[in-house]
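Here the structure comes first, spelled out in structure tokens, and everything after it is commentary.
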Amino acid sequence: MESTDKPAAVAATTTTPPSTSVAASKCPFNYSAVDVGLRVVLFAAAVIAVVVMATSKQTEMVPVPGLPTSVRVPYSAEFTDSPAFVYFMAALSTTGLYSIITALASILLGRRPSYTNTILLAFALMDVVFVGIVASATGAAGAVAYIGLRGNSHVRWDKICNVYDEFCRHVGTAIAFSLFAAILLVFLTMFSTFALYKKIR
């Protein structure tokens, strides 16, 4: 006489584990941690660029045109002398504020089980906007800095970095950090877009 316990045993062994479809739909990496890290670095780069540009003032004794070369007067060079540098300061200050706000938002939203598509899309779109802002500010400041470094003989613009060397070093360093911030924003845009793609795929 055959036992009737075997079907029950087979049924017990064929019980499937809980569905993993929910876990599979999530991003394969910790989006919040990487996003916050990049935005903190962006904040640091923007603040450094602003501080270095703001402290670029230098005063030197320069000759007065039309007078003997022995007659010299003190003259200062600072970022407020150029509208491009003023725009640079405004753009990088705004970028620093934006980066810290979005970093805090990313931390708060990271405590939830998953990101909403709307938030990811908003991050990607705003990052694109700030890529344009920082890139334009970096280009404008870089163009003025190049004139200060090399001059332009065709329009008789004299170079000034041979006199205001410290001022030019500050400006060059600020532009370098601004370029780094623009590259970070490009990576943030790509990162947010990729996370959104993985979520809706």
Worksheet item: Partners of Asp165 by salt bridge (charged side-chain N to carboxylate O under 4.0 Å, His left out), sequence neighbours excluded?
Response: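 So Asp165 forms a salt bridge (charged side-chain N to carboxylate O under 4.0 Å, His left out) with Arg169.
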Worksheet item: Under the salt bridge (charged side-chain N to carboxylate O under 4.0 Å, His left out) test, which residues partner Arg150, sequence neighbours left out?
Response: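 Listed in chain order: nothing, the list is empty.
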Hydrophobic cluster identity match, [X] and [Y], side-chain contacts under 4.5 Å:
X: Val129; Y: Leu185; answer: yes
X: Phe85; Y: Tyr146; answer: no
X: Phe191; Y: Ile100; answer: no
X: Ile101; Y: Met126; answer: no
X: Val186; Y: Leu179; answer: no

Show me, pair by pair, the donor-acceptor contacts under 3.5 angstrom made by side chains of residues 46-56, not counting sequence neighbours?
| residue | atom | partner | partner atom | Å |
| --- | --- | --- | --- | --- |
| Thr55 | OG1 | Val51 | O | 2.9 |
| Thr55 | OG1 | Val52 | O | 3.2 |
| Thr55 | OG1 | His170 | ND1 | 3.4 |
| Ser56 | OG | Met53 | O | 2.6 |

Worksheet item: Does Ile147 sit in a hydrophobic cluster with other residues, and if so which ones, taking ILVMFWY side chains as linked at heavy-atom separations under 4.5 Å, directly or through other members?
Response: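 Result for Ile147 is Val155, Trp157.
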Worksheet item: Apart from Leu149 itself, what residues make up its hydrophobic cluster, given side-chain heavy atom links below 4.5 Å?
Response: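 Listed partners: none, Leu149 stands alone.
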Side-chain donor-acceptor pairs under 3.5 Å in residues 90-97, sequence neighbours left out?
| residue | atom | partner | partner atom | Å |
| --- | --- | --- | --- | --- |
| Ser93 | OG | Met89 | O | 2.7 |
| Thr94 | OG1 | Ala90 | O | 2.8 |
| Thr95 | OG1 | Ala91 | O | 2.8 |

Worksheet entry | Euclidean distance, Glu60 CD relative to Ile160 CD1, rounded to 0.5 Å |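 Answer for the CD1-CD pair, Ile160 versus Glu60, is 11.0 Å.
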Worksheet item: CZ of Phe177 to OG1 of Thr138: how many Å apart, nearest 0.5 Å?
Response: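 Reported value, rounded in 0.5 Å steps: 13.0 Å.
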Item to complete: Hey, can you tell me if Tyr164 and Phe167 have their rings parallel, tilted or perpendicular (30° and 60° cut-offs)?
Response: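 Because their plane-to-plane angle is over 60°, the rings of Tyr164 and Phe167 count as perpendicular.
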Name all residues meeting the side chain to side chain contact (heavy atoms under 4.5 Å, CB included) criterion together with [X]; count only those two or more places apart in sequence or in a different chain, and write none if there are none.
X: Ala84; value: Ser82, Ala140, Val144
X: Lys57; value: Thr59, Ser76, Glu78
X: Ala124; value: Ser192, Thr193
X: Val128; value: Thr189

Discussion item. Please list all pairs meeting ring-ring contact (aromatic ring centres under 6.0 Å, His included) that have one or both residues in residues 87-106, counting only residues at least two apart or in different chains.
Written reply: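 Residue pairs passing ring-ring contact (aromatic ring centres under 6.0 Å, His included), neighbours aside: Tyr98-Phe130.
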When the side chains of residues 36-44 are checked against the rest of the protein, which donor-acceptor pairs come out under 3.5 Å, sequence neighbours left out?
| residue | atom | partner | partner atom | Å |
| --- | --- | --- | --- | --- |
| Arg39 | NE | Asp35 | OD1 | 3.1 |
| Arg39 | NE | Asp35 | OD2 | 3.0 |
| Arg39 | NH1 | Thr102 | OG1 | 3.3 |
| Arg39 | NH1 | Asp127 | OD1 | 3.2 |
| Arg39 | NH2 | Asp35 | OD1 | 3.4 |
| Arg39 | NH2 | Asp127 | OD2 | 2.9 |

